[in-house]
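Worksheet for the structure shown next.
All residue numbers in this chain count up from 1 along the given sequence. Note that the coordinates shown come from a computational prediction; the quantities given were computed from them, not determined experimentally.
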Amino acid sequence: MPNNENDDIAVIDEELIQHALVDSADPSAGGAISLAAMVSEATSLRLSFKNIKKIDNLAGFENLTSLCLDNNVIDSICNISHLTQLKWLDLSFNNISVIEGLETCTQLMDISLFNNQIETVQGLDECKELQCLSLGNNKINSLDICQYLRKFKKLNLINLEGNPVCREPEYKAQLLAFLPKIKYLDYALIHASDVANAREQYQDELQDAEEQELIEADKAKRDATAAQETAMLEAANLTVTQTIFDDFFREDTEYNKLQHLPQINDIVEDLQNAINTQSEELKDKGLSLQKEKEEEIEKFEKALESVRAKGASVSIKKIEDFARQKKRVFREIEVNDASLMTAQPLLDELKNLYDELMDMEMQQVQQFQELLDQFENAYGYLKQQCAEQTTNYFKAIQEAEEKYHEDVTKLANELLTKNGEGELPEGLTEDAKNLLVDRDALLASISSSHDIHVSKAYSAESIMEEREKHNAEAIVKKYTDDAATRNRSRIMELYKFVEDSKASILMILNQKTQEEEDEYE
């Protein structure tokens, strides 16, 4: 049974965590270890029977694979989204009513929510590795659980004993039919013959379920493909190719009236086909240019890495040479009389080394700028090609819109003429007839609709141009900022190296001098 909530509520704090970690620590592991280190290294945490109300303060436990919080008074699953390595979670004997907060805990294999207040099984969708699920002694009352649990292909043990649903006459048969891979149900081993009989009993329902799952799987595949394409187009600044036609009509209130004109659907379809043709052409060219951009980025980064690696190699060699020289001088100081003259050549060499390393750093800055200039030229050429493609695309879109406008205007004039002659086609709707009553109003609606489409095209072109400019500037800024940060860090590193080296030389010299003075006295 969970603790009494009327008792003093415990908070998960440092003291509680430390006690839990110390209690579970390996006694053979010697040496003191900080709480932070214990937390970061912990793979298991047990906080049972503590009268804990809220899951909290588990920051730093990213390596946890097992979390035991049973027999508390916890009423919600929260604040564990960062525990992405969890494989075993025990929240039995608490007051939880909703399964939630597990979206990022995708490695969970064993979950116990035994003896809580749960009515609906949900919130486990991302736990694809789930093998054992204990939900006994809750308030689950619907066999819909069978459909929900079918998605967990690795589930082989489930416990629902003590729930109202267990009193359903078809409880066991339906579970075995819909979950044929279950090996243990409510603590009992499942026999293959029971599964076969259950599947035969529910064969029609299973067929419907399997067909629905195929439909859903196909939709999920299509959605994933569409999402992947959208991401590619977003990266290449080509999302307009997916939205431009819909954007034309989404806020076109005039078209709500014009759509009643006979044959206008054919004209709209012609516009859509023209836009689709141009959009596909822009996508092909744009994605090809995006690939070239990515290749230029990779080429620049490799060249920069090579330059920096070469510079680092030379710097390391110079520092190592100085270190060997320093050791020789220190040995000489040990065996001979110490004086500043003995160490002065080393101090002079240290200053020379600092100057050389600073010169090399300045060369690194210059080489970076040269590489960046080359990159900007190459990338700028590709950006210019993108701009030309964008201009050509929207020019073609404008031409398609002009034709659409002309065709709709022509259709309207023909209908207006027939209306004046009393020769309107049969079956014309009342909405269409009402449009033809006022010639000026109809033509004004067509003109307004055209203006809306043109405005959308101009806006989309402006957005594309601005994004292309922003993307290019963001790339250069990132490299420039990274280089500046690296340069500042390197200069501080060199300064510290020189000061530390100088201090160590003088310290050895002073120690030797003091020893000689002590001997003299």
Side-chain angles (χ1 to χ4, degrees), residues 62 227-242 282-320 353-394 459-500:
E62 280 76 11
Q228 183 179 17
E229 181 181 8
T230 298
M232 289 174 56
L233 295 177
E234 178 71 29
N237 191 26
L238 295 169
T239 52
V240 67
T241 59
Q242 291 183 314
L282 179 63
K283 277 199 288 187
D284 290 342
K285 293 178 179 178
L287 290 174
S288 177
L289 285 170
Q290 177 65 16
K291 184 179 180 181
E292 290 187 54
K293 288 179 183 177
E294 291 170 355
E295 290 172 351
E296 284 298 333
I297 290 173
E298 183 179 4
K299 178 181 175 182
F300 167 76
E301 290 180 349
K302 284 184 176 179
L304 183 59
E305 182 181 358
S306 175
V307 165
R308 287 178 174 169
K310 183 178 179 181
S313 176
V314 174
S315 296
I316 290 171
K317 185 179 184 307
K318 288 182 177 295
I319 290 172
E320 288 175 346
L353 175 60
Y354 175 73
D355 292 340
E356 289 178 7
L357 293 176
M358 286 296 294
D359 287 343
M360 289 179 60
E361 181 57 27
M362 293 304 103
Q363 291 174 16
Q364 286 275 316
V365 171
Q366 183 178 353
Q367 288 176 309
F368 163 77
Q369 191 57 54
E370 290 172 355
L371 288 174
L372 186 63
D373 290 343
Q374 294 171 12
F375 169 75
E376 285 192 86
N377 289 335
Y379 196 92
Y381 173 72
L382 296 174
K383 186 178 73 169
Q384 180 60 35
Q385 286 187 284
C386 287
E388 292 173 3
Q389 295 295 339
T390 300
T391 299
N392 293 337
Y393 171 72
F394 281 102
S459 176
E461 183 174 11
S462 176
I463 289 172
M464 278 192 72
E465 290 172 349
E466 185 60 33
R467 282 179 180 169
E468 187 68 34
K469 178 183 176 183
H470 174 269
N471 290 345
E473 290 176 348
I475 291 172
V476 173
K477 184 177 185 304
K478 176 183 179 300
Y479 290 135
T480 303
D481 289 349
D482 288 349
T485 300
R486 177 201 163 279
N487 176 246
R488 286 193 297 271
S489 176
R490 180 59 174 164
I491 289 174
M492 291 175 63
E493 179 184 332
L494 292 178
Y495 179 79
K496 186 175 185 303
F497 164 74
V498 170
E499 291 301 309
D500 289 349

Item to check | Chi angles and distances behind the side-chain contact (heavy atoms from CB on, under 4.5 Å) call for L304, F375 | outcome: CA-CA 11 Å; L304 183 59; F375 169 75; over 6 Å; no
Checklist entry - Is it true that the side chains of Q290 and E294 contain a donor and an acceptor less than 3.5 Å apart? => result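 Checked: Q290/E294 side chains pair up, N/O donor to acceptor below 3.5 Å.
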Show every donor-acceptor pair shorter than 3.5 Å between a side-chain atom in residues 377-393 and any protein atom, with sequence neighbours excluded, or say none if there are none.
{"residue": "N377", "atom": "ND2", "partner": "D373", "partner atom": "O", "Å": "3.3"}
{"residue": "T390", "atom": "OG1", "partner": "C386", "partner atom": "O", "Å": "2.9"}
{"residue": "T391", "atom": "OG1", "partner": "A387", "partner atom": "O", "Å": "3.0"}
{"residue": "N392", "atom": "ND2", "partner": "E388", "partner atom": "O", "Å": "3.2"}
{"residue": "Y393", "atom": "OH", "partner": "S279", "partner atom": "OG", "Å": "2.8"}

Would you give me the side-chain donor-acceptor pairs under 3.5 Å for residues 296-303, sequence neighbours excluded?
{"residue": "E298", "atom": "OE2", "partner": "K302", "partner atom": "NZ", "Å": "3.3"}
{"residue": "E301", "atom": "OE2", "partner": "Y479", "partner atom": "OH", "Å": "2.6"}

Checklist entry - Which pairs with one or both residues in residues 462-475 pass salt bridge (charged side-chain N to carboxylate O under 4.0 Å, His left out), sequence neighbours excluded? => result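 Sorted result for residues 462-475: K293-E468.
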Next on the checklist: Can you pull out every salt bridge (charged side-chain N to carboxylate O under 4.0 Å, His left out) where at least one residue sits in residues 356-368? Sequence neighbours excluded, please.
Outcome noted: K318-E356, E361-R486
Next on the checklist: For K496 and E499: C-alpha separation, side-chain torsions, deciding distance, then whether salt bridge (charged side-chain N to carboxylate O under 4.0 Å, His left out) applies.
Outcome noted: CA-CA 5 Å; K496 186 175 185 303; E499 291 301 309; over 6 Å; no
For residues 228-239, please give each side-chain donor-acceptor pair under 3.5 Å, one per line with the distance, not counting sequence neighbours.
{"residue": "E229", "atom": "OE2", "partner": "K283", "partner atom": "NZ", "Å": "3.1"}
{"residue": "T230", "atom": "OG1", "partner": "A226", "partner atom": "O", "Å": "2.9"}
{"residue": "T230", "atom": "OG1", "partner": "Q242", "partner atom": "NE2", "Å": "3.4"}
{"residue": "N237", "atom": "ND2", "partner": "M464", "partner atom": "O", "Å": "2.9"}

Nearest-0.5 Å distance, [atom1] of residue [X] to [atom2] of residue [Y]:
{"X": "K285", "Y": "L289", "atom1": "NZ", "atom2": "CG", "answer": "9.5 Å"}
{"X": "L287", "Y": "L282", "atom1": "CG", "atom2": "CG", "answer": "8.5 Å"}
{"X": "L371", "Y": "R308", "atom1": "CG", "atom2": "CZ", "answer": "9.0 Å"}
{"X": "Q374", "Y": "Q369", "atom1": "CD", "atom2": "CD", "answer": "11.0 Å"}

Would you call [X] and [Y] a side-chain contact if the rule is heavy atoms closer than 4.5 Å?
{"X": "S315", "Y": "Q364", "value": "no"}
{"X": "L353", "Y": "F497", "value": "yes"}
{"X": "I463", "Y": "V240", "value": "no"}

Item to check | Results of salt bridge (charged side-chain N to carboxylate O under 4.0 Å, His left out) for K310 - residues two or more places apart only | outcome: none
